[in-house]
Amino acid sequence: MKPQVEIYDTTLRDGSQGEGINFSVADKLRIAERLDAFGMHYIEGGWPGSNPKDIEFFAQAKKKKFKNARLAAFGSTRKKSVPVEQDDQVRLLIEAETPVVTIFGKTSMLHVKEVLRCTPDENLAMIGDTVKFLKDHGKFVIYDAEHCFDGYKLDPEYAVATWQAAEKAGADFIVLCDTNGGCLPDEIAAITKAAVSKLNCRVGIHTHDDIGLGAANALAALDAGAIHVQGTINGYGERTGNCNLTSVIPCIALKLKKTCVPAKSLPKLKELSQFVDEIANSRHNPRQPWVGSAAFAHKGGMHVNAVQKLTSSYEHIDPALVGNARTVLVSDLSGRSNIVMKAQELGFKLTNDTPELKQILHRVKELENQGYEFEAAEASLALLIRAALDKTFVPRFNIETYHVSMRRDKAASICEATVKVCVGKTVHHEVAEGDGPVNALDKALRNALVKSFPELKKVVLTDYKVRILDSKSKAVAKEALQVVKGRGDFMLEPVMRDFNRAASEGTAAKTRVLIESTDGKREWGTVGVNENIIEASLQALVDSMEYALLKK
Ligand SMILES: [Zn+2]
């Protein structure tokens, strides 16, 4: 059955123009396979006329069989005063051997006169010749009307003439492009309506997110009669990006209740979004609508309480519909419900009636007053819950003593740490060097622990964050930072100065250290708070190792 709205993915072409995005041919092939499996109707693979990498992509893609999607090669109308059959860029479009070819042409009189510098009639001939040539070669032709909305606002009659030139030459789709991304939804709707009424051919929409309305504008065009949406996964693209398909697809399916991608694909949306981020080596945005990790995260105690009773109270849909999940953030706003839901998420059997709940809640609030934060440190929270629930629980190891020192050796400064750890009756005494005090301490602790717990070999630190907590000290630290900035001193210097100054004033600053660790399969966060940065770091390190052992 034909879907009511077709999805045209241009992650591999328009998306790859985004800052920091650089796909290899192998990356592009992997993404294309996933987009096809997801059920996209078209995949725009690249612009063979613009770079050899895209020519290579199409040569490789030719050998693949796509189940759902039709592959499109992208290019432009022929050059002015060159016959279409002699235009190299158009020839490469044919040689890409894709079933679909998408070409863009000028809609705006301003661009014809100032950028192309040709007559209005020559532009119309360029559009018509190119579309016809591609049709004669058996292609399904999509015509992207560049600067369509801005051009229509400037000279509606000429804009319509350009669309009709493409239609007359046999284009299968006319796609209206808000190339600069600056239009408002009502403008998009009105001009799309005009295009639909003036054309017999099907109409699509291509928007950009320059004013944060990429998805809204695509929906406005659908409402006005368009039946095809172009966009990119995670909204990749030039400047602020393209219309985000991970927003627009669920809007079409779940809000407009129109068919687009297969219904069984929708719960794989988050997975697809993360996959593409991973290939692009880009950090997943937690605040991304629908698929971000915070999209269904609840923090306020009252909200959590309500969600526990009735999920729709603070959720616009069931997160599972797009493959996402509800998460509960533990914070100083937290009530009983947050702890219960978080504990269950971490695998503890805890209900509103568990007697230890009050004790856990009290302890969390107490620690939060001291500056602890458990939102990114759920492993530390798990240890705390565990200690409250299991009275017989004893830590797997204890740190008897430790010592950290620093020396300057020629040009480099070297830190050395000694740690004495007891595991039952066994004592491990280890020393290690590192390029910083925390690094040295981590190495020494690990050397000591792997003797009894070889599984800790796999555990590595992936992130380390320090924050000064006292607001007064913060002001001092900011001032100190300004002083050292000009001299390019080591980052920790303002932190250290802050300690010294705050200490001399008798108001010692507190430091919170957040550590993220992984064993290659899972990731977890731990927290430590102390007036001494080394001590705070050690707490977070110890929690990390404890948690790794607890998981076993
Ligand atoms: Zn674009």
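Every number for a ligand or one of its atoms is a count from 1 in the order of the listing. No experiment lies behind these values; they were computed from the predicted model shown.
Look at E122 and R117 and you find no salt bridge, because none of the NZ, NE, NH1 or NH2 atoms lies under 4.0 Å from a carboxylate O. A salt bridge links R91 with D88: at least one charged nitrogen is closer than 4.0 Å to a carboxylate oxygen. Salt bridge E97/K139: absent, no basic N to carboxylate O contact under 4.0 Å.
Residue H208 counts as close to the Zn ion (ligand 1), with an N, O or S atom under 2.8 Å. At a threshold of 2.8 Å, the Zn ion (ligand 1) has no backbone or side-chain N, O or S atom of D144 nearer than that distance.
The minimum distance between the Zn ion (ligand 1) and any N, O or S atom of D14 involves atom OD2. No other N/O/S atom of H206 lies as close to the Zn ion (ligand 1) as NE2 does.
A cation-pi geometry, defined here as NZ or CZ lying under 6.0 Å from the six-membered ring centre and within 45° of its normal, does not hold between K28 and F23.
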